[in-house]
Amino acid sequence: MTKYAVETSDLCRDFKVRQVKGESKKSTVHALENANIQIKEGELFGLLGPNGAGKTTLIKILCTLLLPSSGTAKVMGHDVNTHCQDIRQKINMVSGGETSGYGLLTVRENLWMFSQFYGMPSKLAKRRIDNMLEIMDLSDKKDAKVRTLSTGQRQKANMIRGFMTDPDLIFLDEPTLGLDVNASRLIRDFIHKWMKDKPSRTVLLTTHYMVEAEELCDRVAIIDNGKVLACDTPHNLKKLISKESALKLQIKQIADVKPFESIPGVRNFSFKHDPTTGTTDLKFILEDEAIVADIISEIPKCGSKIISVEKTEPTLEDVFVALVGRGLHGDE
Amino acid sequence: MKFEEEYEKPSWMVMNMRTAFGRAYPRIIGVNREPSWVFFDTFFPILAIAAYIYVYTALQAPPQYLGYVVIGGAMTAYWMNVLWGMAAQLYWEKEMGNLELYMVAPISRMAIMAGMAIGGMFTSTVRAVTTILAGVFIFGITLTLEEPLMFIGIFIFTMTALYGMGMMFASLYMMWGREAWHMSNLLTEPIYLVSGFYFPVKGFQFLMGDPGFWLAVGASIIPVTLGLDGMRQCFFGPGDGFLPLWVELVCLIILTVIFLILARFSLSYMENLAKKEGRLTLKWQ
Amino acid sequence: MAMSMNRRVFKWSTWLGWQLESNWTDPFPFIIYSIAKPIAGSLILVVMYSIIAGIGGQTDIGLFHYMYVSNAFFMFVAQVLFGITWVIHDDREHYRTLKYLYISPSNFFVYMMGRTISKLLVTTLAVIVTMAFGVFFLGVPLDILGVNWLLFIVVMFIGLACVMSFGLALAGLSFLTAKHSMGMNEGVAGIFYMFCGVIFPISILPAWGISLAKVLPVTYWLELIRRTLDLGVGIDTALAGISTVDSLWILSISTIVFAIISVGIFKLGDYVARSRGLIDMTTAY
């Protein structure tokens, strides 16, 4: 029988918000609507969604920080409503872009303090911290005060805080947010290795970086407006739109891209102007390859010229765009 | 990665003791890292106490009243620690993002509070001792401990009840932010008044008769009221005492039990309510 | 251009300060909150005086009026000093906006003034309420028609300018101090409380204390307020030989001197904070 680290059933969470100060009437925001997610033990599960999609709300419910409005959620077999303490013994969380602890303490002291909240014997905690500082390439900063650390160093320390208690399930909420390429790579490698070394460990990862999700995750759920739109392996998700064609075009910059949207058979369309090169990148997901001809013939009508044409394999981002209807960053 | 050494999960008691020590650590080490506090938090508060001593001097009050001010001033340090170092501290923890990390840890919330209290008590004690030393050496106040055992009992139960009450206040911060902060602010001067920080609480009875007595009885819900009165009686005799010493001690023991139970209940209730309303980790309230 | 920007910053920061002061609750609880604190603070003195008068100590009612009126107006000093330091710490560590304000082309000093003005408005309400309470319930004999209002306004204007300049110096120091050091503003307010004849006449201080009191502008400010309101006069304040006009001169000149020193301290604090990278530090523990 499959053991689930996380199991939600028709999980809903509503927030009542007062739109304007002084206004007594409150409106309801549905942050999560009937979310059904099952994460198997040992799985590295990704949660993809634009800002405000409900990812953090879901993580907060699973971490016992927020109660659901309706539906059920079980973490490591325990109900989040009734068995918080049992869950807390087995989990930890790391959020990107946030600091934890106290700026006046050194990195080592801060980590030691958090280890005490999990009842770790002091000597063992210190050994483990030193070991992890080395792995995270942060040994030279162990005696530096936390407030003097750079963003990347802070996030590495934050990762150590989350992982040093060796949780069965860890929630990583955008762990590489704002980090440079090297730091992100180090963190991704660490997660990968951590999973590999003990197959029962489970990770729930939210990220804005599609490549990260594609590289790390066994399965991915795409979530928007509080609803789970799709949930499968990256490979299967890509197959969802594999019958469709993805087409990338670079053309001489044009002002109006509307004609492309209305071409019959275009399932999804995004564009990006590059004023420095005077070009516009167009990206299409087409119901049928035959439509390529229609698109090509539209370009001269818009007063532009083709610079390059590329037929691409669908990426996770294409799946995302196809399902959500817009890019992750909302600028496309 | 594999951790070479696994560790056995400690008992609930050990876990929470480690937690309390862990949370107390930054408080204790923090004051070493910011030595400015020694000056600000010990020398300056003496000035306010000195002002009240001079008021009594100007009013030609009996000498024990100067002693009452000194003891009140010393206890102010603990009251401030309860209000700002423990209850209102949760507001800052929430804003800094630490509260959610405390909340996902498998520990009692009271252990975290106890850690803050123990750490804060270190600075409060330094402030309290400095105030007393200033009273003795600068203002020549004679303090003779006439009831040492009673004093120890009263001090211990005042502190436990007071910090229990502080934990209860802290629970409000799970739900609210600035609202609770202003409540702490509101509990400064009015509590100085009704708890008799600068005069014996029996004074209410003296000035207002029966209503004054009942006002003092009402104020006795705040442990520091009876604690202060009891400690003053231990030093200066029962002349201006509100209730007999043993009655005050019994009341403080009862208050200790009540506040610790209420603290546990209110922390869990408010945490649950905040989780329901989605305000447990809501910043910039 | 710079003028219009400063006007805008001043207006906006005053509004922001007001929002932060008041928008945590509905107007009614806010009014109660604004009134309860100062009234309680004043009642401490009332009870102290009444007890001692009742047991045969000093019964000069003039001394009570002296204490009451000075204590009411001292709220401006305490609140402005507290408010300014709070702005730095709150913006730096809570809202994390200090660095953005700091690098903006607007005048930081104007921003600070705007934030302080809102505090001043709330304090004005508290002072009016306290005085009204004294007049209607405690028999403080304020003769509104007999007050030299022009002089009163001039005295208030210079006095508040003086207090705000002290606040500016504290703001400079607050760049360098940890958030916990609320003892600093408490302490500086404590120096004034102790040495400026707020709740007792400076004549009972030791000789060195009287000398110190005579160089602090707040001493003259409070003395001038008492004289213009004709309350608490006749008490030996050690300032009897100094006429009202001379006191006004001394207040004006010392305010200018302290303002210059304060600007210097602010700039030094600002420079040191920048050189040590403390503008956006977080220090809570």
Side-chain angles (χ1 to χ4, degrees), chain A residues 13-16 31 57 60-61 63-67 69 80-81 84-93 95 98-106 109-110 112-122 124-125 127-128 131-132 135 145 161-166 171 190 193-194 196-198, chain B residues 1-34 37 92-93 96-109 111-112 115 119 174 268 271-283:
Chain A
R13 174 67 216 199
D14 300 335
F15 288 102
K16 288 202 164 37
T57 302
K60 281 189 174 172
I61 290 174
C63 279
T64 75
L65 289 171
L66 187 66
L67 286 172
S69 302
V80 292
N81 280 298
C84 295
Q85 282 296 33
D86 295 320
I87 294 171
R88 288 172 189 150
Q89 299 276 359
K90 295 172 180 172
I91 63 163
N92 213 323
M93 67 179 285
S95 300
E98 279 195 3
T99 50
S100 53
Y102 303 95
L104 271 170
L105 297 187
T106 65
E109 286 169 339
N110 240 321
W112 170 83
M113 181 187 77
F114 281 106
S115 76
Q116 296 310 286
F117 300 162
Y118 289 80
M120 283 172 84
S122 238
L124 170 77
R127 273 201 302 275
R128 211 175 257 194
N131 185 15
M132 291 190 76
I135 293 169
K145 285 182 188 162
R161 180 193 52 70
F163 283 88
M164 72 182 171
T165 58
D166 197 11
F171 298 92
F190 177 81
K193 191 168 180 328
W194 191 75
K196 215 174 124 193
D197 285 343
K198 196 171 165 187
Chain B
M1 66 174 294
K2 275 189 190 124
F3 293 110
E4 289 84 22
E5 301 157 276
E6 293 293 325
Y7 68 100
E8 214 174 292
K9 292 281 175 202
S11 67
W12 184 87
M13 191 68 170
V14 172
M15 182 111 131
N16 285 310
M17 276 171 65
R18 281 184 184 152
T19 298
F21 181 58
R23 184 56 191 88
Y25 180 79
R27 280 284 169 90
I28 295 165
I29 208 78
V31 292
N32 286 325
R33 302 263 159 87
E34 285 291 337
W37 80 273
W92 290 100
E93 302 287 5
M96 289 191 295
N98 284 335
L99 187 67
E100 60 188 54
L101 300 176
Y102 295 160
M103 291 296 145
V104 298
I107 40 165
S108 156
R109 280 77 185 100
I112 290 280
M174 303 252 186
S268 138
E271 183 186 334
N272 219 40
L273 188 63
K275 275 157 69 174
K276 209 183 269 176
E277 300 273 326
R279 299 185 67 154
L280 187 61
T281 55
L282 188 65
K283 292 181 185 176

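These numbers were taken from a predicted model, which means no experiment stands behind them. In what follows, every chain begins at residue 1, and chains take the letters A, B, ... in the order their sequences are listed.
Proximity to chain B (any heavy atom under 4.5 Å) is restricted, for K60(A), to the side chain, taken from C-beta onward. Looking at N16(B), neither its backbone nor its side chain comes within 4.5 Å of chain A, counting heavy atoms on both sides. Using a 4.5 Å cut-off between heavy atoms, S95(A) contacts chain B through its side chain alone, with no backbone atom that close. For a residue to count as touching a neighbouring chain, one of its non-hydrogen atoms must lie under 4.5 Å from one of that chain's; by this rule L99(B) does not touch chain A. Both the backbone and the side chain of V104(B) come within contact range of chain A, judged by heavy atoms closer than 4.5 Å. Contacts between K196(A) and chain B at a heavy-atom distance below 4.5 Å are absent for every atom of the residue.
No other option in G97(B), G278(B), A274(B) has as many heavy-atom pairs under 4.5 Å with chain A as G278(B).
The two residues R23(B) and F117(A) come nearest to each other via the heavy atoms N-CE2, 4.0 Å. When all heavy atoms are compared, the tightest approach of Q85(A) to A105(B) is OE1-O, 4.3 Å. Taking all atoms of both residues into account, the shortest heavy-atom contact from I29(B) to L105(A) is CG2-CD2, 3.1 Å. Of all heavy-atom pairs between F15(A) and E277(B), the closest is CD2-O, 4.4 Å. The two residues P10(B) and G119(A) make their nearest non-hydrogen contact at CG-O, 3.3 Å.
Here L66(A) contributes atom CG and M103(B) contributes atom CE; the two are 13.5 Å apart, rounded to the nearest 0.5 Å. The distance from atom CG of L65(A) to atom OH of Y102(B), rounded to the nearest 0.5 Å, is 14.0 Å. In this structure, the separation between CZ on R13(A) and NZ on K276(B) is 10.0 Å, given to the nearest 0.5 Å. To the nearest 0.5 angstrom, C63(A) atom SG is 8.5 Å from E100(B) atom CD.
Within the 4.5 Å cutoff, the side chain of L101(B) has heavy atoms near those of the M93(A) side chain.
Panel note: side chain R18(B), backbone Q116(A); no donor-acceptor pair is recorded below 3.5 Å. Panel note: side chain K275(B), backbone T64(A); a donor-acceptor pair is recorded below 3.5 Å.
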